Amino acid sequence: MTSFLTTGGIRGGKVSLEKFTPRSFNMGYTREVYDRVGGFREMFSEDIDMSMRIRQAGFCIGLVRQASVFHKRRVSFGKFLRQVYVFGMSRITLKLLYPSSLKAVHTLPALAVVAGVVCCVLAAAVSPWWLLPIGVYLLAVLSAALWQSRSIKVALLAVPASVIQIGGYGCGFIRAWFTKIFLRRGRNVDEEIRIRKGR
């Protein structure tokens, strides 16, 4: 979740490509903030929405690097896939609510999905060499994970995890962009709540 190779540098680094946005697992705020902006709303990316409303209300948001945060990640690749798929869809929801919130870096997973499909089609129709870019990327993920973790097991798990992360997010983003923006259907709050609850 914090590797530059999977998130493009928007999570976990000391230098970020976007403003720090607290998530639900590391967010703390005062009663004054709550009284002014309210709590979480029942929607996709309710924590980012909350952060945006806090910022719009004129409050300062900062990262306390010394604070220890204990956060339970998804326990299976299937649950992780569902999580990142919803992340991709929610980015479009956030764009509809806050048009300036969508940055170029947020579109990269969707572009990677399209590029990956094109490479696979060309590999089947033209030459297997079209799989080389995918292979080089996965080798880079493996090498970076091995270098950082010093664990072969972690490095091997990082490869499918990165594919799931980028592919799931990208597919969710593409689906939401097509239905909510291209087809101009806008938000469906009931659908968002149903998907968030795993139904």
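Residue numbers count from 1 along this sequence. Nothing here was measured: the structure is a model prediction, and the numbers come from that model.
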- Message: For E46, is there any backbone N or O sitting under 3.5 Å from a side-chain donor or acceptor partner on R41?
- Response: no
- Just how far is it from atom OG of S101 to atom NZ of K95, taken to the nearest 0.5 Å? 7.5 Å
- Message: Do V114 and V163 sit in one hydrophobic cluster, given that two such residues count as connected whenever their side-chain heavy atoms are within less than 4.5 Å of each other, even indirectly?
- Response: no
- Note on the structure: Of all heavy-atom pairs linking A155 and A145, the shortest is CA-CB, 3.7 Å
- Point-to-point distance, once rounded to the nearest 0.5 Å, from CD1 of I48 to CZ of R53: 12.5 Å
- Item | Heavy-atom neighbours of R150 CZ exceed 12 at 6.0 Å | yes
- Query: Can you find a pair of side-chain heavy atoms, one from Y169 and one from R91, that are under 4.5 Å apart?
  - Reply: yes
- With distance as the sole test, does R36 use its side chain to make a donor-acceptor pair with the main-chain N or O of A57 at under 3.5 Å? yes
- Count the heavy atoms of every other residue, nucleotide or ligand shown that sit under 6.0 Å from CD1 of I181, and state whether that count exceeds 12. yes
- Message: Between L157 and F77, is there a side-chain heavy-atom distance shorter than 4.5 Å?
- Response: yes
- Pick one: which of L102, V113, L111, L108 meets side chain to side chain contact (heavy atoms under 4.5 Å, CB included) with F173? L102
- Message: If hydrophobic clusters are built from ILVMFWY residues whose side chains come within less than 4.5 Å, do L156 and L146 share one?
- Response: yes
- Message: Is there a continuous path of hydrophobic side-chain contacts, each under 4.5 Å between heavy atoms, that joins W147 to I152?
- Response: no
- Query: Can you say whether the rings of Y29 and Y34 are parallel (under 30°), tilted (30 to 60°) or perpendicular (over 60°)?
  - Reply: parallel
- Looking just at side-chain N and O atoms, do K180 and T93 make a donor-acceptor pair shorter than 3.5 Å? yes
- Under 3.5 Å, is there a donor-acceptor pair between the side chain of S51 and the main chain of D47? yes
- Any chance you could measure M89, atom CE, to I174, atom CD1, to the nearest 0.5 Å? 12.0 Å
- Message: Please report the interatomic distance CZ(R187) to CG(L97), rounded to the nearest 0.5 Å.
- Response: 4.5 Å
- Spatial distance of atom CD1 (I134) from atom SG (C120) [nearest 0.5 Å]: 4.0 Å
- Item | Interatomic spacing from OG in S90 to CD in Q83 - rounded to 0.5 Å | 10.0 Å
- Query: Where the side chain of S127 meets the backbone of A123, is there a donor-acceptor pair that is under 3.5 Å apart?
  - Reply: no
- Query: Hey, is the main chain of V159 close enough, under 3.5 Å, to the side chain of S162 for a donor-acceptor pair?
  - Reply: yes
- Task: Let me see the working for T107 and W177 under side chain to side chain contact (heavy atoms under 4.5 Å, CB included), right down to the final yes or no.
- Result: CA-CA 10 Å; T107 67; W177 177 85; over 6 Å; no
- Task: Indicate, with yes or no, if L142 and V154 share a hydrophobic cluster defined by side-chain heavy-atom contacts under 4.5 Å among Ile, Leu, Val, Met, Phe, Trp and Tyr.
- Result: no
- Message: Grouping I, L, V, M, F, W and Y whenever their side-chain heavy atoms are under 4.5 Å apart, do Y137 and L139 come out in a common cluster?
- Response: yes
- Task: May I ask you to decide if F178's main-chain N or O and R185's side chain share a donor-acceptor pair within less than 3.5 Å?
- Result: no
